[in-house]
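If you're wondering where the values come from, they're calculated on a predicted model, not measured in any experiment. Along the sequence shown, the residues carry numbers beginning at 1.
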Amino acid sequence: MPVPGRLKFLDPLTPLAQPKPDQPSDFTTQGGTERFTGKRISLDFQEAEISSVLRLIADVSGLNMVVGEAVKAKVTLKLLNVPWDQALDLILKLNNLGQIREGNILWIDTLANITKLRDDAARAKESTLKAEELVTRIIYLNFSDAAKTVDVAKSNLSTRGEIKVDSRTNSLVVRDIQDNLTRVEKIVRDLDQRTPQVQIEARIVQASKSFARGLGIQWGLGSINTTSTGGRKDAPITVNLGALATSTFGTQANDFLVNLPASASGVTIPSTTAGFLIGKFLGTTGTLDLRLSAGEALGQTKIVSAPKIITLDNKPAKLEQGSQVPFATTSLQGTQTTFVDATLTLNVTPHVIPHANTVRLEIKVTKNALGTITTTAGPTIDKKEATTEILLKDGETTVLGGIFEENRTDSIQGVPWFNRIPFLGWLFKNEGVSVNTTELLVFVTPAIIKE
């Protein structure tokens with residue numbers, strides 16, 4: 001049988017006994033973290049006065065303990081290897097008791113008495129506040145907007161307090177008791193800080209590349225004046241190099257059986273190329289004329305813009321370049337002209353993270369350009385847009401790509417059926433290739449301007 005009033009202290013050098021598998025944990029946990037951290041003790045009481053048990057726990061805790069007169073009960077318990085604060089919490093809960101700790105003094109009483117004490121203290125404080133004289137103070141703001149700060153300041157006033165905004169001087173007129181005025185002024189001063197400025201430097205690169213190539217052939221009977229390259233006038237093979245007499249090389253002519261000169265978008269066929277006059281054909285005057293034509297064109301364009309702008313933290317910055325395209329609209333009021341932007345626009349909103357020396361950027365890039373389709377009202381607008389949000393260190397650079405377009409055209413013209421003959425089909429067709437590539441790259445570098 002347990003002995004009343006027996007209290008056992010554990011030797012810190014003695015290893016703790018491990019609980020059996022069917023026993024609960026040796027102390028309460030909450031959310032995976034230990035809730036009680038007091039010195040471990042073992043208690044074994046039967047029908048013991050609660051005041052005596054509390055005095056023993058006070059000796060272990062090292063705190064000064066005051067027990068109210070209404071605390072009267074007997075307890076029976078057996079606790080092994082538990083923190084003293086957990087044992088105290090359990091005893092108070094089982095007996096509807098509460099505790100108030102002020103410094104190293106612990107007051108224990110019934111929940112009703114503690115609630116009554118707190119209510120009385122609240123009413124006394126409220127009465128003191130009502131009796132205290134009101135004071136008026138003007139708080140001037142340097143960087144913040146007084147109208148936007150008034151809500152934060154108002155939440156820290158008493159029921160008797162009031163606050164007004166003077167927009168002319170950007171100040172707050174606060175009337176309340178002295179303690180509340182001091183608290184409101186501290187909060188307003190802490191919020192009235194210099195807003196960081198961010199310099200946004202951009203490099204906008206618009207690159208375009210065009211390539212075109214054409215291969216063609218013309219051959220048949222032709223009446224071309226020639227000069228024999230052999231020793232006699234009737235040499236079996238005559239070859240002519242240079243511009244031919246009857247027509248410009250690479251253009252359509254009427255004296256060819258297969259008339260497919262080189263043609264491709266963007267290709268200019270040279271005027272001086274090679275033609276071959278092969279022997280005599282069909283009697284003494286007919287000749288076989290063969291012309292090969294080829295041309296190639298390569299163009300590269302790069303436009304670099306380097307805008308720079310400074311903006312406040314959390315304030316959007318906009319960079320725009322381009323033109324406005326007029327559109328004609330007809331209505332009952334007559335013909336009206338409206339303008340649509342065909343521009344390259346960069347919208348950036350920075351947010352400074354001071355402690356990490358980092359800037360969060362909200363970036364939106366829009367490129368509107370004239371389209372190839374034309375309507376009765378005017379040309380269409382081709383729109384390309386990219387939106388992103390990124391974190392960058394102060395001075396780092398990010399690049400936005402992906403606005404890429406490639407337009408490739410392959411064309412073949414030829415004589416039906418004959419142009420499909422292997423190898424010999426090249427005598428009955430021409431080919432053209434045209435490739436146009438456009439790409440937009442945007443480099444953005446934020447820099448925090450130091451004070």
Would you say the side-chain atoms of [X] and [Y] include a donor-acceptor pair closer than 3.5 Å?
X	Y	result
T311	Q197	no
N368	T343	no
S434	T409	no

Checklist entry - Partners of F143 by ring pair (Phe, Tyr, Trp, His ring centres under 6.0 Å), sequence neighbours excluded? => result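 Expected list: none.
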Checklist entry - Do S305 and Q321 pass the side chain to side chain donor-acceptor pair (under 3.5 Å) test, and can you show the C-alpha distance, the side-chain angles, and the key distance before you say yes or no? => result CA-CA 9 Å; S305 304; Q321 64 178 6; 3.0 Å; yes
Find the distance between [atom1] ([X]) and [atom2] ([Y]) and round it off to the nearest 0.5 Å.
X	Y	atom1	atom2	value
T136	R175	OG1	CZ	4.0 Å
D145	N170	CG	CG	6.0 Å
K78	L80	NZ	CG	5.5 Å

Who passes salt bridge (charged side-chain N to carboxylate O under 4.0 Å, His left out) against [X], sequence neighbours left out?
X	value
R137	E185
K93	D89
D151	none
K74	E49

Checklist entry - Looking only at atom types and distance, does a side-chain atom of S52 sit under 3.5 Å from a main-chain N or O of A48, one as donor and one as acceptor? => result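 Between the backbone of A48 and the side chain of S52 there is no qualifying donor-acceptor contact (under 3.5 Å).
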What residue pairs, at least two apart or across chains, pass salt bridge (Lys or Arg N to Asp or Glu O under 4.0 Å) with a residue in [range]?
range	value
residues 114-124	K116-D120, D120-R123
residues 154-174	none
residues 320-331	K318-E320

Greater than 12 external heavy atoms within 6.0 Å of [X]'s [atom1]:
X	atom1	answer
E406	CD	yes
R183	CZ	yes
K364	NZ	no

Counterpart residues, side-chain contact (heavy atoms from CB on, under 4.5 Å), relative to [X] (two or more places apart):
X	value
I390	L361, I363, L392, T398
A70	D109, T110, N113
V152	I187, L191

Can you give me every donor-acceptor pair (side chain of residues 95-105, partner residue at least two apart or in another chain, under 3.5 Å) with its distance?
residue: N95; atom: ND2; partner: I91; partner atom: O; Å: 2.8
residue: R101; atom: NE; partner: G103; partner atom: O; Å: 3.2

Next on the checklist: For L181 versus V174, what's the shortest heavy-atom pair and its separation?
Outcome noted: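 The answer is CD2-CG1, 3.3 Å.
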Checklist entry - Stepwise, does the side chain to side chain contact (heavy atoms under 4.5 Å, CB included) test hold for I421 with F423? => result CA-CA 6 Å; I421 300 175; F423 301 107; over 6 Å; no
